[in-house]
Novice: 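So that we are looking at the same thing, I have put the structure below in structure tokens.
Count residues from 1 along the sequence.
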Amino acid sequence: MENSLDYILNLHQILSEKRILLVYEGEFTQEITKSVLAMAEKNLESTNEEVNIKKKVFNVMVECLQNICKHSDEFGTNEEFQTAIFMIGKENDDYTITSGNSIYNDRIDIVKQKLEKINSLDKDGLKELYKSVLSTTEISDKGGAGLGFIDMARKSGQKLKYDFYLVNDKISFFTLQSRVSRNKID
């Protein structure tokens, strides 16, 4: 019979193998977001990483966490769909910042179109899109102008990876990953 706590060892081994530096799963509020950022920042400070790499990683983390926090209230008091996940890892020559949160199925096409447009642009195109959105968009009641994904792509210098996993006829789980190269210093 397997020990009921074997999953802890298994989880630890997986996190070590995948070089996960920090993972948080649960409800995201502004206070929790601040705490997660503080832990991640402390973790990054303990490395001998270049300052501008740390800044890029931190900026992408902020955008990622703000995105989760801003949209978690869409599900009201339904705890099953309020929880989300955030991870930061160090894989080969990249830091990976990954998140997952619930999204209404009727929003998938809009999000997918934004991400596809962002992923189709080069550095100059992203800069122009950022300026355009900034000058033509009003700040929403959730505090954003829709710049988060653009900023993540600009700071990381890489395409955003994403997917949507159907949960039921109304909700899917949206995953997003951004990579920041440890070798690219610009």
Side-chain angles (χ1 to χ4, degrees), residues 18-24 28 30 33-34 36-37 40-41 43-44 47 49-72 74 84-165 172-186:
K18 298 290 184 179
R19 299 192 65 196
I20 303 296
L21 304 174
L22 175 71
V23 62
Y24 174 81
F28 280 78
Q30 289 294 339
T33 298
K34 286 178 191 175
V36 170
L37 282 172
E41 185 175 32
N43 201 330
L44 279 173
T47 68
E49 204 63 72
E50 295 284 335
V51 173
N52 44 347
I53 298 296
K54 287 184 206 178
K55 282 182 181 178
K56 286 180 182 183
V57 170
F58 190 76
N59 285 337
V60 171
M61 286 189 314
V62 167
E63 291 297 339
C64 190
L65 287 165
Q66 283 180 342
N67 184 56
I68 292 171
C69 196
K70 283 178 196 166
H71 300 290
S72 66
E74 290 180 6
I85 189 165
F86 171 82
M87 294 185 298
I88 179 169
K90 194 158 115 179
E91 186 178 324
N92 300 322
D93 290 329
D94 291 341
Y95 282 97
T96 57
I97 299 97
T98 309
S99 65
N101 59 281
S102 297
I103 183 173
Y104 283 111
N105 291 338
D106 61 4
R107 294 193 55 231
I108 290 174
D109 286 340
I110 295 165
V111 172
K112 194 182 279 190
Q113 286 173 7
K114 285 180 183 181
L115 289 166
E116 286 174 1
K117 174 157 179 109
I118 289 165
N119 281 343
S120 73
L121 299 172
D122 62 9
K123 186 177 178 178
D124 291 334
L126 287 170
K127 185 176 181 179
E128 288 305 313
L129 179 61
Y130 186 88
K131 286 179 185 178
S132 172
V133 170
L134 194 58
S135 67
T136 61
T137 307
E138 291 183 24
I139 304 295
S140 74
D141 52 353
K142 291 183 182 175
L147 297 171
F149 294 149
I150 301 168
D151 211 30
M152 289 172 72
R154 289 182 68 207
K155 296 288 194 268
S156 71
Q158 298 190 42
K159 306 293 182 204
L160 300 175
K161 292 183 181 180
Y162 63 92
D163 213 336
F164 301 89
Y165 300 91
S172 288
F173 196 73
F174 167 51
T175 58
L176 178 66
Q177 184 179 76
S178 182
R179 292 181 170 272
V180 176
S181 175
R182 297 174 63 218
N183 295 325
K184 272 188 182 174
I185 301 174
D186 28 40

Novice: With rounding to the nearest 0.5 Å, note down the distance linking CG in Asn59 to NZ in Lys54.
Specialist: 14.0 Å
Novice: Asn105 and Ser172: side-chain hydrogen bond (donor to acceptor under 3.5 Å, both in side chains), yes or no, with the steps?
Specialist: CA-CA 6 Å; Asn105 291 338; Ser172 288; 2.5 Å; yes
Novice: Minimum heavy-atom separation for Phe173 and Ser102, please, with both atom names.
Specialist: CD1-N, 4.0 Å
Novice: Can you give me the closest heavy-atom contact between Ser156 and Val60, atom names plus distance?
Specialist: N-CG2, 4.2 Å
Novice: When rounded to the nearest 0.5 angstrom, what is the spacing between CD1 in Ile103 and CG in Asn101?
Specialist: 7.0 Å
Novice: Using the side chain to side chain contact (heavy atoms under 4.5 Å, CB included) rule, pick out the option among Val133, Leu121, Leu134 that qualifies with Ile150.
Specialist: Val133
Novice: Less than 4.5 Å apart, any side-chain heavy atom of Thr175 and any of Phe164?
Specialist: no
Novice: Would you sort out whether Thr96 and Gln177 count as a side chain to side chain contact (heavy atoms under 4.5 Å, CB included), showing the intermediate values?
Specialist: CA-CA 7 Å; Thr96 57; Gln177 184 179 76; 4.0 Å; yes
Novice: Does the side chain of Glu91 come within less than 4.5 Å of Arg19's, by heavy atoms?
Specialist: no
Novice: Would you check, one step at a time, whether the test side chain to side chain contact (heavy atoms under 4.5 Å, CB included) holds for Leu126 with Ile118?
Specialist: CA-CA 7 Å; Leu126 287 170; Ile118 289 165; 3.7 Å; yes
Novice: Tell me whether Ser132 contacts the main-chain N or O of Glu128 through its side chain, where contact means a donor paired with an acceptor under 3.5 Å.
Specialist: no
Novice: Rounded to the nearest 0.5 Å, how far apart are CD1 of Ile97 and CG of Leu176?
Specialist: 10.0 Å
Novice: Are Tyr162 and Asn119 side-chain neighbours, meaning at least one heavy-atom pair lies under 4.5 Å?
Specialist: yes
Novice: Using a strict threshold of under 4.0 Å (side-chain N to carboxylate O), is an ion pair present between Arg182 and Glu49?
Specialist: yes
Novice: Would you compute the distance between atom CG of Leu21 and atom CG of Asn43 and round it to the nearest 0.5 angstrom?
Specialist: 5.0 Å
Novice: Applying the side chain to side chain contact (heavy atoms under 4.5 Å, CB included) criterion to Ser178, which one of Glu63, Met152, Lys161, Lys159 satisfies it?
Specialist: Met152
Novice: Report the distance from atom NZ of Lys127 to atom CZ of Arg154, rounding to the nearest 0.5 Å.
Specialist: 7.0 Å
Novice: Would you say that Lys155 contacts Val180 through its side chain, given a criterion of any heavy-atom pair below 4.5 Å between the two side chains?
Specialist: no
Novice: Output the distance between atom CD1 (Ile85) and atom OG (Ser99), rounded to the nearest 0.5 Å.
Specialist: 9.5 Å
Novice: Provide the closest heavy-atom pair for Met61 versus Leu37 in the form atom of the first, atom of the second, distance.
Specialist: CB-CD2, 4.0 Å
Novice: Angle between ring planes, Phe174 versus Phe149, binned at 30° and 60°: parallel, tilted or perpendicular?
Specialist: perpendicular
Novice: Assess Arg179 against Tyr95: is NZ or CZ under 6.0 Å from the centre of the six-membered ring, and within 45 degrees of the ring's axis?
Specialist: no
Novice: Are Tyr130 and Leu147 side-chain neighbours, meaning at least one heavy-atom pair lies under 4.5 Å?
Specialist: yes
Novice: Is there a side-chain contact between Phe58 and Val62, using heavy atoms and a 4.5 Å cut-off?
Specialist: yes
Novice: Is there a donor-acceptor contact under 3.5 Å from the side chain of Asn92 to the main chain of Asp94?
Specialist: no
Novice: Carefully, step by step, assess Leu65 and Phe86 under the rule side chain to side chain contact (heavy atoms under 4.5 Å, CB included).
Specialist: CA-CA 8 Å; Leu65 287 165; Phe86 171 82; 3.6 Å; yes
Novice: Pairing donors with acceptors under 3.5 angstrom, does anything connect the side chains of Asp93 and Ser181?
Specialist: no
